[in-house]
Structure formats: structure tokens, C-alpha cells
Amino acid sequence: MNDTVQQVAKWQDTIIAFLIQYGFQILGAIIILIVGITIARWLGRLTDGWLSKHHLEPPVRLLIVRVVRLIVMAFVLVLVLGKFGVDIAPLIAGIGVVGVGIGFAMQGVLSNVMAGLTIIFTKPFRVGEDIELVGVSGQVTSIELFSTKLIHADRSIVTIPNRKIVGEI
């Protein structure tokens, strides 16, 4: 019984020493995280409202809002790590290297997304129009970030990757 009391007292002393040493850093990191999440949400709503006024297509608007929130949260996480004493410079360099690697790995996907954004912004055709692309003709049923869907006269649906469309137009 005496052993248990001593062990509990030892743990209490350890926890109290930890909180005394790192308590303000933990509290500061939690406050930065809460404020950062609030700012990310606020900026997301602000961006969404601004893009809605400019009549931007919903998929593009949603993508831009998510990217804005993600960028703010990335900055907040870097600040939180800095608050805990982590050296941020190598972390940022590592993020850059990882970003380049992901860019090369997702080259096909990113080219489809960029082509989709090009189609949505330049509007060479709209939903409901009859078009002929890449040797396929039909009525446009949807224009998405990755692909465009056409429906033939026989009601069959053809999905064309956006990078093929932008390369052909």
C-alpha cells in the first residue's frame, strides 16, 4: 500500500513538473490552433461569398475555398510546431521537396484538374450543348474538374478526360 502511494506521488510530481515546464507552451499552442481554425473557417466563408458574387462554377468555388482553408491550416500547424520548439526551417524545406515529389507523381491527375479549370473558366462549351470532341459527339451533361461527360443520341454516356479535350480544342 505504501508503495502505491509513493508511486502515485511520484507520478503527480512528474506531471506537475511537466506542466510547470511546458504548460504555457501547450496552452499557447492550443490557443493558436483554435484561433487558426476559426480564421480558416472565416476566410473560407468569406472566399465562398466573394466567389458566389462572381458567379463562379460550384466545383471551382469549392476547390478554391478548400485550398484557402488548407493553406491557412498549414500555416497554423507550422506555428504550433514552432511553439513547441520544433525547428521550422527544415520542415518547410521538407514540405517543398515532398510537394515537388507529389507534383511529379500526380502529373496526370493535375493535368486533368488544370484542364478542367481551363474549360470551366474559358467556357468553350456549356452543359446542354451538342459538341464533337476527340472523335466523339454528343450533348454535354456535366463538366467536372477531372472529366467531361457526353451523352450520345442512343443515350450512352461517354466520359472524356479533360486533358484530352483541352489538347484537342
Side-chain angles (χ1 to χ4, degrees), residues 29-30 32-169:
I30 290 171
I32 289 172
L33 195 61
I34 290 171
V35 169
I37 290 171
T38 305
I39 290 173
R41 287 182 181 167
W42 176 76
L43 271 177
R45 283 193 300 269
L46 188 71
T47 304
D48 190 37
W50 184 75
L51 293 174
S52 294
K53 290 178 185 175
H54 288 78
H55 306 292
L56 203 58
E57 300 288 328
V60 176
R61 193 174 72 224
L62 184 62
L63 176 70
I64 292 172
V65 167
R66 285 182 179 169
V67 166
V68 165
R69 287 181 180 163
L70 186 66
I71 289 171
V72 170
M73 286 309 300
F75 283 131
V76 167
L77 289 177
V78 167
L79 285 173
V80 167
L81 287 175
K83 188 71 177 165
F84 280 125
V86 175
D87 193 14
I88 298 174
L91 180 67
I92 292 174
I95 290 171
V97 169
V98 168
V100 169
I102 289 173
F104 279 128
M106 295 183 62
Q107 188 173 1
V109 173
L110 291 175
S111 67
N112 269 332
V113 170
M114 294 311 294
L117 291 173
T118 301
I119 292 170
I120 290 170
F121 283 126
T122 61
K123 298 180 183 178
F125 51 85
R126 297 175 189 263
V127 174
E129 291 182 355
D130 290 318
I131 60 171
E132 182 175 344
L133 299 167
V134 196
V136 178
S137 63
Q139 184 180 23
V140 179
T141 59
S142 69
I143 303 170
E144 299 169 0
L145 284 177
F146 296 103
S147 62
T148 299
K149 294 182 181 177
L150 303 178
I151 189 166
H152 285 289
D154 65 354
R155 296 307 202 195
S156 61
I157 297 175
V158 178
T159 303
I160 304 171
N162 285 334
R163 68 176 177 218
K164 300 262 183 189
I165 296 171
V166 170
E168 290 291 319
I169 295 178

- Residues two or more places apart in sequence or in another chain: which of them pass side-chain hydrogen bond (donor to acceptor under 3.5 Å, both in side chains) with R69?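 Here no residue qualifies.
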
- Item | For K53, salt bridge (Lys or Arg N to Asp or Glu O under 4.0 Å) partners two or more places apart |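 K53 satisfies salt bridge (Lys or Arg N to Asp or Glu O under 4.0 Å) with no residue once adjacent residues are dropped.
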
Residues in side-chain contact (heavy atoms from CB on, under 4.5 Å) contact with [X], at least two apart in sequence or another chain:
X	answer
T47	L51, I64, V65, V68
I30	I26, I34
R66	L62

Compile the donor-acceptor pairs under 3.5 Å between side chains in residues 129-147 and protein atoms, sequence neighbours left out, one pair per line.
unit_1: E129; atom_1: OE1; unit_2: R126; atom_2: N; d: 3.2
unit_1: Q139; atom_1: NE2; unit_2: G128; atom_2: O; d: 3.0
unit_1: T141; atom_1: OG1; unit_2: K149; atom_2: O; d: 3.1

Among pairs that include at least one residue of [range], which meet salt bridge (Lys or Arg N to Asp or Glu O under 4.0 Å), considering only residues two or more places apart or in two chains?
range	answer
residues 95-124	E57-K123
residues 37-52	D48-R61
residues 105-119	none

- Task: Identify the two heavy atoms, one from S111 and one from R163, that lie closest to each other, and give their separation to 0.1 Å.
- Result: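 Between these two residues, the closest heavy atoms are OG-CD, 3.4 Å.
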
- Considering all heavy atoms, the nearest V76-G36 contact: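 So the two residues come closest at CG2-CA, 3.4 Å.
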
Atom [atom1] of [X] and atom [atom2] of [Y]: how far apart are they, to the nearest 0.5 Å?
X	Y	atom1	atom2	result
I165	L150	CD1	CG	6.5 Å
T38	W42	OG1	CH2	11.5 Å
F75	I39	CZ	CD1	12.5 Å

- Item | V72 and I37: CA distance, side-chain angles, deciding distance, side chain to side chain contact (heavy atoms under 4.5 Å, CB included) verdict | CA-CA 8 Å; V72 170; I37 290 171; over 6 Å; no

- Item | ring pair (Phe, Tyr, Trp, His ring centres under 6.0 Å) partners of W50, counting only residues at least two apart |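 Partners of W50 under the ring pair (Phe, Tyr, Trp, His ring centres under 6.0 Å) test: H54.
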
- side chain to side chain donor-acceptor pair (under 3.5 Å) contacts touching residues 150-161 (sequence neighbours left out):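 Sorted result for residues 150-161: D154-S156.
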
Just list the side-chain donor-acceptor pairs under 3.5 Å for residues 78-101, sequence neighbours left out, or say none.
none

